[in-house]
Amino acid sequence: MTDERLAKAKETANRLFGRPMSVGLKGDDDGLGKLSVAQIYGEIWSRPGLDLKSRSLGVVAALVALDKPAEMRIHLQGALNVGWTRAELCELFFLLGYYAGFPAAIEALKLLEEAVETRASAPESR
């Protein structure tokens, strides 16, 4: 793993999540967590062809379809950070209800409301 790739990963994740990102898992300084963050954000999210906003929407859609609420919480914040609106994300979940199932879409709507409320109650840091 190169320092350059890790630096790019941190920069991309910071743009997406609006804050510096910890790389690695507790007690795993050079292991799986650091490697996966460097790979995902340093290479996959940084590829040409799709902008950060488009990649974010694709990831949110996949997480809804796969019913991954813990990851969805994180990426819904990212989607809001890169410019997707609540209304646009609701429309995505409406569409996904037909393809991923209504329970997954309803869960996504609940998590979106949680994300919007979290943003509303957070002190303005940007």
Side-chain angles (χ1 to χ4, degrees):
M1 169 180 4
T2 66
D3 288 339
E4 180 181 323
R5 183 169 72 173
L6 191 54
K8 190 169 196 165
K10 288 180 179 181
E11 175 190 330
T12 300
N14 191 35
R15 286 179 46 220
L16 178 63
F17 300 117
R19 58 181 160 67
M21 180 178 192
S22 168
V23 294
L25 305 171
K26 190 173 185 175
D28 183 40
D29 295 335
D30 286 322
L32 181 61
K34 195 171 189 179
L35 177 66
S36 64
V37 166
Q39 178 72 34
I40 293 167
Y41 296 105
E43 290 188 23
I44 305 302
W45 278 78
S46 302
R47 290 175 46 84
L50 286 177
D51 62 8
L52 194 63
K53 187 176 179 183
S54 299
R55 286 184 195 282
S56 175
L57 190 67
V59 168
V60 168
L63 294 173
V64 171
L66 293 169
D67 192 24
K68 299 290 185 183
E71 294 83 358
M72 211 183 317
R73 275 187 178 88
I74 296 164
H75 282 280
L76 283 171
Q77 289 293 340
L80 293 167
N81 285 343
V82 296
W84 291 108
T85 67
R86 178 189 174 283
E88 290 168 328
L89 292 168
C90 284
E91 190 63 28
L92 171 68
F93 301 152
F94 182 81
L95 173 70
L96 290 172
Y98 288 90
Y99 291 93
F102 288 103
I106 291 167
E107 180 68 14
L109 284 168
K110 290 177 187 175
L111 294 174
L112 176 59
E113 291 310 313
E114 181 183 297
V116 169
E117 287 174 16
T118 298
R119 289 172 68 84
S121 65
E124 190 61 36
S125 60
R126 289 177 254 210

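Residues take their numbers from the sequence shown, with the count starting at 1.
Side-chain contact between N81 and L16 is absent, with no heavy-atom pair separated by less than 4.5 Å. A heavy-atom distance below 4.5 Å is found between the side chains of H75 and F17. Between L63 and V59 the shortest side-chain heavy-atom distance falls below 4.5 Å. Put simply, the side chain of L92 does not reach to within 4.5 Å of the side chain of W84, judged on heavy atoms. In this structure, the side chains of K8 and E43 stay at 4.5 Å or more apart for every pair of heavy atoms.
With R86 contributing its side chain and E113 its backbone, the two residues share no donor-acceptor pair below 3.5 Å.
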Practice item. Show your reasoning for whether side chain to side chain contact (heavy atoms under 4.5 Å, CB included) applies to L76 and V60. Key: CA-CA 7 Å; L76 283 171; V60 168; 3.9 Å; yes

Exercise for review: Evaluate the side chain to side chain contact (heavy atoms under 4.5 Å, CB included) criterion for residues R15 and V82: first the C-alpha distance (whole Å), next the side-chain angles of each, then the deciding distance (0.1 Å), finally the verdict.
Suggested key: CA-CA 8 Å; R15 286 179 46 220; V82 296; 6.0 Å; no

**Study point:** side chain to side chain contact (heavy atoms under 4.5 Å, CB included) evaluation trace for L109 with L89
**Key:** CA-CA 8 Å; L109 284 168; L89 292 168; over 6 Å; no

Practice item. Report the C-alpha separation of D51 and S54 in whole Å, then their side-chain angles, then the decisive distance to 0.1 Å, and conclude whether the side chain to side chain contact (heavy atoms under 4.5 Å, CB included) test is met. Key: CA-CA 5 Å; D51 62 8; S54 299; 2.6 Å; yes

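When all heavy atoms are compared, the tightest approach of T12 to W45 is CG2-CB, 3.8 Å. Residues G78 and S56 come closest through the heavy atom pair C-OG, 4.0 Å. When all heavy atoms of K53 and G83 are compared, the pair lying nearest together is NZ-O, 3.6 Å. The shortest non-hydrogen separation linking V64 to A104 is O-CB, 3.5 Å. Considering all non-hydrogen atoms of both residues, A38 and A9 come closest at CA-CB, 3.8 Å. Scanning all heavy atoms of the two residues, the minimum distance from Y41 to A13 falls at CG-CB, 4.3 Å.
Between the OG atom in S46 and the CD atom in E11 there is a gap of 7.5 Å [rounded to 0.5 Å]. Here the CG atom belonging to L6 is positioned 12.0 Å from the CD atom belonging to Q39, to the nearest 0.5 angstrom. The CG atom of L80 sits 5.0 Å away from atom CZ of R119, with the distance rounded to the nearest 0.5 Å. With rounding to the nearest 0.5 angstrom, the CG atom of L95 is 13.0 Å from the SG atom of C90. With rounding to the nearest 0.5 Å, the separation of CD1 in I44 from CZ in R55 is 8.0 Å.
For T85 and E88, the side-chain atoms include at least one donor-acceptor pair closer than 3.5 Å.
When the side chains of ILVMFWY residues are joined at heavy-atom separations under 4.5 Å, either directly or via intervening members, F94 and F102 end up in a single hydrophobic cluster.
Every side chain to side chain contact (heavy atoms under 4.5 Å, CB included) that R73 has, sequence neighbours left out, goes to P69, L111, E114.
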